[in-house]
Amino acid sequence: MKLWGGRFTKEENELVNHFNASISFDQRFYRQDIRGSIAHVTMLAKQKILTDEEKAQIVEGLERILSDVENGLLSIDPAAEDIHSFVEATLIDRIGDVGKKLHTGRSRNDQVALDMKLYVRDEIGELDLLVKELLQAILKIMEENLTTYMPGFTHLQKAQPVTIAHHFGAYFEMFLRDRSRLFDIRKRMNTCPLGAGALAGTTYPLDREYTAALLDFDCATRNSMDSVSDRDYLIELASAMATVMMHLSRFSEEIILWNSNEYQFVELDDAYSTGSSIMPQKKNPDIAELVRGKTGRVYGALTSILTTMKGIPLAYNKDMQEDKEMIFDAIDTTKGCLGLFTGMISTMKFHKDIMKKSAVKGFTNATDAADYLVNHGIPFRDAHGIVGRLVLYCLDKGISLDDMSLEEYKAISPVFEKDIYDAISLKTCVDKRTTLGAPGPSVMEQVIKSYQKMLTEN
Ligand code: ARG
């Protein structure tokens, strides 16, 4: 049954119906649709637009539809146009004429704007929880690896030694920002569009603030045209999810490298790896690769919704129906990736000895050798040149700075003394970096304490 059949005379066209319908995807917010309707009729009764008796009948009918769908006693009709039509038609079917009063002072335009907001608001909560669980997993690894050395890279070339705690701390910061973005979006979007009608409000004496409060919104929206055509919060959410995925993808890329035979920094648990159908020796990091790959889908959702919205005149236009599938897919994808990624890093083993060996190799202590000279009165630029010559000498002999004899050091600069070996040891290189944000364990410990506090408070 169509909600709008009255004005039409011609037969329906199946292709058109199929093209126009949204039931296949908007049925996922049947709970939100029913919740919104219950709030709406509650307000209508308070305003004496409906009687208390009518309200009671409608609310009871709606609650029964909800529990019947939940219990599998009522299946959502795939031939319905959308979830709004399905719920209303079922209600009328079950409780008769009084059900026809449900849609008083409401349009599907403000109804769908509400449903989507309610749905997305719940999903933001779930996304936030998943990011928090990932942060907890990262923090645990940090706590356990304050002094586990590894090379830090720039240009994917070994640069200076760091620790696992420090490297993972960088990701902690990224996902922390992701949480704060989700928090901001939730706060900004939390206004109730119901009562905006099709675009220009209604002539009924609705109490919009009352409906808003019933649905846990901070307040009602202030402009009815904007209320039915605002999809900014979906764009913001798609952008926040794209950023989460970008972070997960970078992290995945590193794990794929670290898990390779060339690096051997980590080993993924069997449960998070797959084999090859032809090469028996293989254990592939498919989960990390899929997370990296699925990032494209979420970027796609952002581009898609931005593009859909860019040419739409005020107020509601059917183009907006296209917001759902892509946002739902982006939410499902991001949630799935977050959960799996947390499991993957929580079960991953670190080959700490290999990481440490790698941190020693590749002249990661060259900067510290130059700093040693600076501490002995040599200007930094000259010190840089001297150490450059040391490196050249080592490369020629196939040794590292730690392997050079004091005589060899002195031949290049007489300033070097025996204490150079301690000054460029891996431990010194890391321990001495104690400015805020650096890998030195003493300062890292302070930072970890602040992270622990953040996660217990919120
Ligand atoms: N399925 C529609 C959507 O998702 C619901 C709103 C329909 N409104 C209308 N005027 N046809 O946008």
Side-chain angles (χ1 to χ4, degrees), residues 1-8 10 12-37 39-40 62 65 69 76-92 100 102-123 189 192-202 211 215 221 223-235 237-238 301 304-332:
M1 185 202 77
K2 288 273 178 306
L3 296 177
W4 36 262
R7 189 211 176 284
F8 288 77
K10 282 204 182 153
E12 293 173 7
N13 176 320
E14 259 326 295
L15 274 179
V16 171
N17 281 349
H18 183 72
F19 189 69
N20 186 51
S22 53
I23 189 75
S24 63
F25 48 88
D26 65 17
Q27 59 177 283
R28 80 152 76 190
F29 49 50
Y30 69 89
R31 273 190 211 99
Q32 287 79 7
D33 192 76
I34 292 173
R35 187 179 172 204
S37 290
H40 181 63
L62 288 168
I65 292 174
V69 173
I76 295 173
D77 179 7
E81 183 184 345
D82 54 30
I83 190 63
H84 326 296
S85 319
F86 172 75
V87 172
E88 193 178 327
T90 310
L91 183 74
I92 295 168
K100 294 180 182 165
L102 166 64
H103 211 52
T104 313
R106 187 175 73 171
S107 152
R108 272 187 300 166
N109 296 352
D110 57 346
Q111 189 178 357
V112 75
L114 171 74
D115 291 3
M116 194 66 177
K117 272 195 169 178
L118 288 175
Y119 181 83
V120 161
R121 196 174 66 177
D122 289 345
E123 291 296 319
M189 66 163 280
C192 184
L194 203 62
L199 78 162
T202 71
T211 317
L215 295 168
T221 51
N223 181 292
S224 58
M225 292 182 88
D226 181 52
S227 308
V228 292
S229 57
D230 165 33
R231 298 293 182 272
D232 287 5
Y233 66 101
L234 298 179
I235 293 171
L237 178 61
S304 177
I305 182 134
L306 278 168
T307 312
T308 297
M309 293 305 296
K310 76 184 259 297
I312 303 186
L314 288 175
Y316 177 85
N317 292 260
K318 198 61 175 266
D319 318 39
M320 289 175 187
Q321 179 165 289
E322 285 297 306
D323 61 359
K324 288 169 200 69
E325 282 165 291
M326 53 198 170
I327 288 292
F328 293 161
D329 182 68
I331 291 173
D332 294 347

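Counting convention: from 1, in listed order, for ligands and their atoms alike. What's counted below: heavy atoms across the whole structure, side chains too, no hydrogens, waters or symmetry copies.
A salt bridge is defined here as a Lys NZ or Arg NE, NH1 or NH2 lying under 4.0 Å from an Asp or Glu carboxylate O, and D319 with R231 fails to meet this definition. Ion pair R108/E81 flagged as a salt bridge, since at least one NZ, NE, NH1 or NH2 atom sits closer than 4.0 Å to an Asp/Glu carboxylate oxygen.
Listed by atom number, the atoms of ligand 1 under 4.0 Å from N109 heavy atoms are 8 (N), 9 (C), 10 (N). Per-residue contacts place S22 under 4.0 angstrom from the following atoms of ligand 1 (heavy atoms of the residue considered): 1 (N).
Annotation for K117 and T221: closest pair NZ-CG2, 4.3 Å, computed over non-hydrogen atoms.
Using 4.0 Å as the threshold, M116 has no heavy atom nearer than that to any atom of ligand 1.
Protein heavy atom at the shortest distance from atom 1 (N) of ligand 1 is Q321 OE1, 2.7 Å. Considering only non-hydrogen protein atoms, atom 4 (O) of ligand 1 sits nearest to K324 NZ, 2.6 Å. Here the protein heavy atom with the shortest distance to atom 11 (N) of ligand 1 is R108 NH2, 3.8 Å. Considering only non-hydrogen protein atoms, atom 7 (C) of ligand 1 sits nearest to Y316 OH, 3.7 Å.
Here F86 and Y30 keep their ring centres 6.0 angstrom or further from each other.
Sparse packing is recorded around CD of E322, with 12 or fewer heavy atoms of other residues, nucleotides or ligands lying under 6.0 Å away. Shown here is K318, whose NZ atom has more than 12 heavy atoms of other residues, nucleotides or ligands within 6.0 Å.
For ligand 1, the polar-atom distance check finds no N/O of H84 at less than 3.5 Å from any of the ligand's N/O atoms.
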